[in-house]
Amino acid sequence: MNRRFLAVVLLVPAVLTGCNFPLAGADPGPSASPSRPSKPKPAPSSAPPSSSASPGTAKAIKAELARARVLATRPDVPGYQRDLFGQAWSDDHTGVGGHNGCDTRNDVLTAQLQARKYRGKSQCVVIVGTLVSEPYTGKRVEFRKESASLVQIDHIYPLSRAWDMGAAKWPKQRRIDFANDQAMNLIAVGGSANASKSDNGPGEWMPINRAYRCTFVLRYLQVARKWSLPITAADRDSAKAITNICP
C-alpha cells in the first residue's frame, strides 16, 4: 500500500472487557490494483485463510512475543518507494509461486478465491471469483476483473512499515522476495478494508471481523520473525491483550 495512505474510515471500537486493543476500521473506499498479462497457471500455492483462529493460537502468539525484537516506536526512514521492493507482483522471486509463469497477485487470487474463472485458457489471469468470507470484515466480496480494486492483496506486515523497520538496508532481491511472500505475508481482502489498514500494524489497527483478529496478530508476528523484522511496543501490547480472548 502507499505510505501513510490517508483514508476516511468508519472506526468501530473493540468492545472487549479488560483488553487494550486499537480501533478497528473499514470502508474508506477502494483504490486501484495492478494487473498483469495472461500466463500459464500452475496449481494454487495456498488455501484460503480461515475466518476464525485455530486452537492454540493464544499459546502461539505468546511464543512469538517471547522471541520478538521490540522497538519503542516505529522509526521514520526516508526514501520509501514501492518499486524499491521490485515491480508490483513480480513473478521473479524465490518463494512459493516464484518463476511459475504467473504473477503474484493472480497466484493469490487463485489460492484464496472460490468459484474462479480465468481469461481464455490461461488458468492464470483471474477474471471472476468470490471471497466467501473476507478476512478483515467477514463479508462476502465478489471479484470481477473490470472492478479489480474491490479485491486487493494486502501485505499483513506492510512494505513501507518494513522499510522503516529495517528493510531499507536489505539487498534488492530480499525486498522483492518479501513483497511476494505468498506463503506468509499476502492475503486477499476487500479494497476498503485494505485502505483502512494502510501501513499499520496490530498496535494501531485491528480487523472489524473479530473472528480473524487472533489469526491476524499471529500472522503479523510470524512474518516479523521470518524476515527478522522488529515489532513496536504498541504491537506487543496489543498482541498480549488479545491472547485473553484467543483459543
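For reference, positions follow the sequence shown, starting with 1.
The environment of K117 atom NZ is sparse: at most 12 non-hydrogen atoms of other residues, nucleotides or ligands sit within 6.0 angstrom.
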task = Determine, step by step, whether L131 and L113 satisfy the side-chain contact (heavy atoms from CB on, under 4.5 Å) criterion, reporting the C-alpha distance in whole Å, the side-chain angles of both residues, the deciding distance to 0.1 Å, and the verdict.
result = CA-CA 5 Å; L131 271 177; L113 296 182; 3.5 Å; yes
request  = Show your working on side chain to side chain donor-acceptor pair (under 3.5 Å) between T137 and N209 and close with a plain yes or no.
outcome  = CA-CA 5 Å; T137 65; N209 180 15; over 6 Å; no
Audit row: V128, R116, side-chain contact (heavy atoms from CB on, under 4.5 Å) steps and yes/no = CA-CA 5 Å; V128 173; R116 298 176 303 278; over 6 Å; no
ask   = Can you check ring pair (Phe, Tyr, Trp, His ring centres under 6.0 Å) on H155 and W89, steps first, answer last?
value = CA-CA 11 Å; H155 293 87; W89 312 128; 5.4 Å; yes
task = Under the side-chain contact (heavy atoms from CB on, under 4.5 Å) rule, what do V151 and L109 come out as? Steps first, then yes or no, please.
result = CA-CA 9 Å; V151 175; L109 292 176; 3.9 Å; yes
key: From CA spacing to verdict: side chain to side chain donor-acceptor pair (under 3.5 Å), D177, Q173   = CA-CA 6 Å; D177 291 345; Q173 187 60 53; 2.9 Å; yes
task = Quick one: do Y212 and R210 satisfy side chain to side chain donor-acceptor pair (under 3.5 Å)? Show the steps, please.
result = CA-CA 5 Å; Y212 194 72; R210 296 185 182 186; over 6 Å; no
request  = Begin from the C-alpha positions of E142 and L150 and carry the test side-chain contact (heavy atoms from CB on, under 4.5 Å) through to its verdict.
outcome  = CA-CA 8 Å; E142 300 295 337; L150 295 180; over 6 Å; no
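In terms of the side-chain contact (heavy atoms from CB on, under 4.5 Å) criterion, residue partners of L65 (sequence neighbours excluded) are, by chain and number, I61, L221, I231, R236, A239, K240. Checked against side-chain contact (heavy atoms from CB on, under 4.5 Å), K62 has the following partners two or more places apart in sequence or in another chain: T243.
Taking the six-membered ring for Trp and thresholds of 30 and 60 degrees, Y220 and Y157 have nearly parallel ring planes, at less than 30 degrees apart. Aromatic ring pairs are classed by plane angle as parallel below 30°, tilted from 30° to 60° and perpendicular above 60°; the pair Y136 and F216 is perpendicular.
With salt bridges taken as basic N to acidic carboxylate O contacts below 4.0 Å, one links R74 and D164. Under 4.0 Å is where a charged nitrogen must lie from a carboxylate oxygen, and between E134 and R140 no such pair does.
At a threshold of 4.5 Å between non-hydrogen side-chain atoms, the residues K172 and F85 do not count as touching. Under the 4.5 Å side-chain criterion, counting only non-hydrogen atoms from C-beta, D181 is in contact with K226. Annotation: side chain of D91 is in contact with side chain of N100 (closest heavy-atom distance under 4.5 Å).
Side-chain polar atoms of Q114 and T130 form no donor-acceptor pair below 3.5 angstrom. T232 and D235 form a side-chain donor-acceptor contact under 3.5 Å, judged by distance and modelled atom types alone.
In terms of modelled atom types and a separation under 3.5 Å, the side chain of N185 and the main chain of I156 share a donor-acceptor contact. Of the possible donor and acceptor atoms, one in the side chain of T57 sits under 3.5 Å from a partner among the backbone N and O of S54. Side-chain atoms of W163 come within 3.5 Å of backbone N or O of V77 as a donor-acceptor pair.
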